[in-house]
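Just so it is clear, the values below take in all heavy atoms, side chains as well, and ignore hydrogens, waters and symmetry mates. This structure is a prediction, so every number in the text was calculated from the model and none was measured. Numbering of ligands and ligand atoms starts at 1, following listing order.
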Amino acid sequence: MSVTQKFTVSGMTCGHCVQSVTEEISSIAGVTHVTVSLEKGELAFDSDHEISREEVAAAVTEAGYTLAE
Ligand SMILES: [Cu+2]
């Protein structure tokens with residue numbers, strides 16, 4: 001089973017930011033495909049199970065950005 005989840009990330013300003021967020025989210029176990037839109041500040045990813053908001057927030061924070069409400 002594949003689950004797609006979307007979140008809004010604030011603080012990203014360039015391609016490096018996108019790369020950092022992509023790498024951190026990709027490192028979460030079960031995540032298979034990550035896309036980050038700099039223009040929309042949007043993070044979307046597929047995974048084999050539902051990833052908790054807390055886990056996503058921790059990864060985004062680790063990258064240096066903030067998960068928006
Ligand atoms: Cu940047």
Side-chain angles (χ1 to χ4, degrees):
M1 189 184 81
S2 181
V3 184
T4 301
Q5 292 174 261
K6 277 186 186 177
F7 296 90
T8 302
V9 177
S10 49
M12 296 189 296
T13 56
C14 71
H16 282 285
C17 303
V18 169
Q19 190 59 35
S20 299
V21 171
T22 300
E23 282 175 11
E24 284 298 332
I25 298 297
S26 296
S27 73
I28 296 174
V31 171
T32 52
H33 185 246
V34 183
T35 53
V36 178
S37 165
L38 179 60
E39 309 83 70
K40 297 178 187 168
E42 195 174 82
L43 159 68
F45 59 86
D46 297 335
S47 56
D48 62 6
H49 67 286
E50 179 108 14
I51 308 296
S52 73
R53 183 181 173 84
E54 290 69 28
E55 197 170 351
V56 176
V60 169
T61 299
E62 186 67 30
Y65 309 97
T66 307
L67 198 62
E69 286 307 314

Checklist entry - Around His49, counting heavy atoms of other residues, nucleotides and ligands shown, do more than 12 lie under 6.0 Å from its NE2? => result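 Yes - once you tally the heavy atoms of other residues, nucleotides and ligands closer than 6.0 Å, there are more than 12.
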Checklist entry - Under 2.8 Å from the Cu ion (ligand 1), which protein N/O/S atoms are there? => result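 Under 2.8 Å from the Cu ion (ligand 1) - ignoring waters, which are not counted - the protein N, O or S atoms are Cys14 SG, Cys17 SG.
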Checklist entry - Can you check whether Asp46's main-chain N or O pairs, donor with acceptor, with Thr32's side chain at less than 3.5 Å? => result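 Checked: pair present.
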Checklist entry - Side chain of Gln5, backbone of Ile51: donor and acceptor closer than 3.5 Å? => result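 Yes: the side chain of Gln5 pairs with the backbone of Ile51.
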Checklist entry - Given Thr22 and Leu43, is the side chain to side chain contact (heavy atoms under 4.5 Å, CB included) satisfied, shown in steps? => result CA-CA 8 Å; Thr22 300; Leu43 159 68; over 6 Å; no
Checklist entry - If two hydrophobic side chains count as joined below 4.5 Å and joins carry through other members, does Val3 share a cluster with Val60? => result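 Looking at the clustering, Val60 is in a separate group from Val3.
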Next on the checklist: Could you check whether any side-chain heavy atom of Val56 comes within less than 4.5 Å of a side-chain heavy atom of Leu67, counting everything from C-beta outward?
Outcome noted: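 When only atoms from C-beta onward are counted, Leu67 and Val56 do touch, with a gap below 4.5 Å.
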